[in-house]
Amino acid sequence: MSATPDTIIGIDLGTTYSLVAVPGPGGPRVLRDASGDARLPSVVTLRPTAGAGLQVEVGWAARSGIVQSAGASVHSVKRLIGRSLSDVQAELPFLAYPVAAGPRDTLQVRLAGRDFTPQELSAFVLRALRERAIAALGHDVRRAVITVPAYFDDVQRQATRQAAELAGLDVVRIINEPTAAALAYGIGLRAKDRGRPHTVVVYDLGGGTFDVSVLRIDGDVFEVLSTAGDTHLGGDDFDLLLMKRLAGDDAASLAAGGVDAAQRAALRQAAESAKVRLSEADEAEVEFSLPGAGLTRKRVRRAELEALCAPLIDRTLAHCDAALRDAGIVVAELDEVVLVGGSTRMPLVRRRVEQHFGRRPCTALNPDEVVALGAAMQAAVLSGGSTDLLLLDVTPLSLGIETMGGAVGKLILRNTTIPCRAVESFTTFVDGQTAILVRVLQGERELAADCRELARFELRGIPPMPAGIPKVEVEFLIDANGILNVAARELRSGQSAGVQVLPNRGLTDDEVRRAVVESQQHAAADALTHRLIDLCNQVDFDTQKAEQMLARHGDRLPREERARIEREMAALRTRAAEARRDPRQTDADALHRALTDFGHGTLTLAEIGIREALAEATK
Ligand code: ADP
Ligand code: MG
């Protein structure tokens, strides 16, 4: 067990989402809910119950209820915490609940017939995170590091501290969100290694806000040189633009209020989901309904979304320039650019940021999780642990990619000393294949389904060629900081794509031990399955080639010969299909013999093919 009863947890208390992470021997890890999501929506719903009771919902349940229970739900409390009514006048139109002045220049939110301070409402979110940590660690949790925006003043910081106290947490330290992100990437350690201070831009584009900070990191000292941003610019705006585009001619009725709250919310959700899918795919399909129009289905292309969002992204870059100017830094002096916030997953954002700063930004960590991870790293330091721990000098588990049929091709074996590099060539198994999905896997087992997927990306734009002809080189490179850079390149066309991940981050000793033990327990069965996958792939490939040759040269074979090959081809395919359906009942040796026999039985056909090809070539 990695955690001791006085574990300090790290909390990212966000405007839209909040997360909790805990320190561990392989570095910090975020804690997830039962469905694997680390994000807890920062939304609270309160309902009075019989007597003077109160029913509280936090997170996804509260968020999905926001439409139905308007008036009882609060969101974006972070915009209110530690502020007075005059501070937040401009916010009020964005909030779907009533806010009033409280005693001593504070604020109050009236819900379910009672008044709540922003601290009390934030405490519900913090309590839910604390409970998640207690459940995961198996013991009580009383101390936390909490992050706040770099521009928060003392009153806002103090109010955040009070919220934590109400949730039963003692705040050991409040740290700035950009500082946490830089910590998570180990930039302090890198600066120490290189023996000079580092200047870093942290670009944080979330759901509703954009923040940019310029940091100077010298040893253990993180100094915020400047901040800039826009408190109303983020993913929500992209959703809104896409929503208007989707509504098309109905946009007017959208604006005029001809659309009710539920329809609006549904359209918004459809737009957001399409936006998220367009970070991976070139095209997405959206379904929604508007009054009088019934169910509409539309396709949106990534290029359309990018054209809509580009002006807003340009605005974020103008804020970056302002922050650099305030800090007295020029682009050439920057050592790193760090991306934070869910919206930085958009390829357009990554591209524009890279162009603007002339360097590739850090993207190895999940941009939703990086602030919480950094808070947990600070927690580890404050617990007396060392952040050097995460710089393991070997790979604790093997790394590879999924190959045809769900097998794993391992490129770097466990216990390899880092830095290290491995390159392997792969090809296609289908004629005319123009894209390859690369799944980066970690684990000791032979099947992709039994390994952990670290990342995935698509290599596209391969010119159509017959199966087996494209040459795809996959490179795994782990640098001294433990960052794995995966690149795939098709050599004939020069097309390439890649991804960065931190493979060892968050792995516990237990997980490593379990992976090794399980691979030993399943070694025999795994080896058999892997062999069957390879054999079945070969069956597909050989029968496909034979089929093509029959189509071209079949007329030069005696009729019975041709019928025999067709029969054997069908029989072999049936055997492969059965082997796939029920690998345990398959005799791999027998399948291997059948494949060899098929090869012998089609020799004459193959020879005709080769002679033809030679004749063509020497014509
Ligand atoms: P905040 O810091 O504002 O609480 P996040 O950093 O979690 O929030 O960012 C949330 C935003 O990120 C939302 O607008 C969401 O739609 C967007 N987002 C999340 N994943 C993706 C993705 N894959 N592509 C584009 N946008 C995304
Ligand atoms: Mg955020």
Side-chain angles (χ1 to χ4, degrees), residues 11-21 30 32 37-43 59-60 63 74-79 81 91 94 122 125-126 129 146-152 160 176-178 180-181 184 202-213 229-243 265 267-282 284 286 300 302 304-306 308-310 312-313 316 338-353 363 365-375 455-458 499:
I11 290 180
D12 169 8
L13 184 61
T15 310
T16 335
Y17 294 110
S18 297
L19 294 89
V20 56
V30 294
R32 299 172 189 286
D37 205 322
R39 300 166 311 165
L40 179 77
S42 310
V43 180
W60 294 106
R63 193 174 109 136
V74 267
H75 60 90
S76 309
V77 175
K78 194 174 176 179
R79 296 184 185 274
I81 202 159
E91 295 292 344
F94 294 95
S122 282
V125 176
L126 289 164
L129 295 172
I146 300 187
T147 59
V148 297
Y151 58 76
F152 257 30
T160 303
N176 292 319
E177 287 161 13
V202 180
Y203 176 106
D204 181 348
L205 189 58
T209 56
F210 171 67
D211 295 310
V212 53
S213 318
D230 184 332
T231 51
H232 288 281
L233 173 60
D236 295 348
D237 298 287
F238 305 152
D239 301 345
L240 212 63
L241 288 170
L242 189 56
M243 217 169 118
L267 181 56
R268 223 197 111 132
Q269 248 158 38
E272 188 193 359
S273 134
K275 175 191 75 176
V276 168
R277 278 176 285 143
L278 287 172
S279 288
E280 302 280 332
D282 278 332
V286 204
V300 207
R302 185 191 284 170
E304 286 175 74
L305 177 69
E306 294 192 338
L308 290 172
C309 301
L312 293 182
I313 293 169
T316 66
V338 173
L339 295 186
V340 181
S343 299
T344 63
R345 288 222 184 75
M346 290 172 76
L348 176 65
V349 172
R350 293 192 173 184
R351 230 164 43 232
R352 297 287 289 122
V353 168
T363 55
L365 296 173
N366 191 330
D368 310 318
E369 298 175 359
V370 47
V371 169
L373 288 170
R456 59 165 69 198
F457 63 94
E458 231 184 355
V499 73

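Just follow the structure's listing: the first ligand is 1, and inside any ligand the first atom is 1. These figures come from a predicted structure and were not determined experimentally. In this chain, numbering begins with 1 at the start of the sequence shown.
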K.L.:
Does S343 reach ligand 1, in the sense of a heavy atom lying below 4.0 Å from it?
P.N.:
yes
K.L.:
Just which atoms of ligand 1 are under 4.0 Å from any heavy atom in T15?
P.N.:
4 (O)
K.L.:
Would you say ligand 1 has an N or O under 3.5 Å from any N or O of R345?
P.N.:
yes
K.L.:
Do the side chain of R345 and the main chain of P367 share a donor and acceptor less than 3.5 angstrom apart?
P.N.:
no
K.L.:
Say whether S18 and S42, considering side chains only, have a donor N or O and an acceptor N or O under 3.5 Å apart.
P.N.:
yes
K.L.:
Any N or O of D239 that comes nearer than 3.5 Å to an N or O of ligand 1?
P.N.:
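In fact, backbone or side chain, D239 has no N or O that close.
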K.L.:
For the residue pair V20 and L40, establish whether any side-chain heavy-atom pair is separated by less than 4.5 Å.
P.N.:
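Side chain of V20 against side chain of L40, heavy atoms only: no contact under 4.5 Å found.
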K.L.:
For ligand 1, which atoms, with element, lie under 4.0 Å from some heavy atom of G341?
P.N.:
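Within the 4.0 Å cut-off of G341, ligand 1 contributes 6 (O).
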K.L.:
Do Y151 and N176 come within less than 4.5 Å of each other through their side chains, counting heavy atoms only?
P.N.:
no
K.L.:
Output the list of atoms in ligand 1 that are nearer than 4.0 Å to some heavy atom of G235, sorted by atom number.
P.N.:
14 (O)
K.L.:
Does any N/O atom on K275 come nearer than 3.5 Å to any N/O atom on ligand 1?
P.N.:
yes
K.L.:
For the residue pair Y203 and T316, confirm or rule out a side-chain donor-acceptor distance under 3.5 Å.
P.N.:
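T316 and Y203 do have a side-chain donor-acceptor pair below 3.5 Å.
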K.L.:
For ligand 1, which atoms have a heavy atom of E272 less than 4.0 angstrom away?
P.N.:
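Counting from 1, the qualifying ligand atoms are 13 (C), 15 (C), 16 (O).
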K.L.:
Charged N to carboxylate O below 4.0 Å: is that the case for R352 and E306?
P.N.:
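Salt bridge absent between R352 and E306.
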K.L.:
Going by heavy-atom distance to atom 24 (N) of ligand 1, choose the closest among G14, S279, P149, P367.
P.N.:
S279
K.L.:
Decide whether an N or O pair under 3.5 Å exists between G207 and ligand 1.
P.N.:
yes
K.L.:
So is M346 polar-close to ligand 1, meaning N/O to N/O under 3.5 Å?
P.N.:
no
K.L.:
Got a donor-acceptor contact below 3.5 angstrom from the R63 side chain to the V43 backbone?
P.N.:
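Such a contact is absent between R63 side chain and V43 backbone.
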K.L.:
Angle class for the F94/H232 ring planes (parallel below 30°, perpendicular above 60°, tilted otherwise)?
P.N.:
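Parallel, since the angle between the ring planes stays under 30°.
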K.L.:
Between ligand 1 and T209, is the shortest N or O to N or O distance under 3.5 Å?
P.N.:
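No, no N or O pair falls under 3.5 Å.
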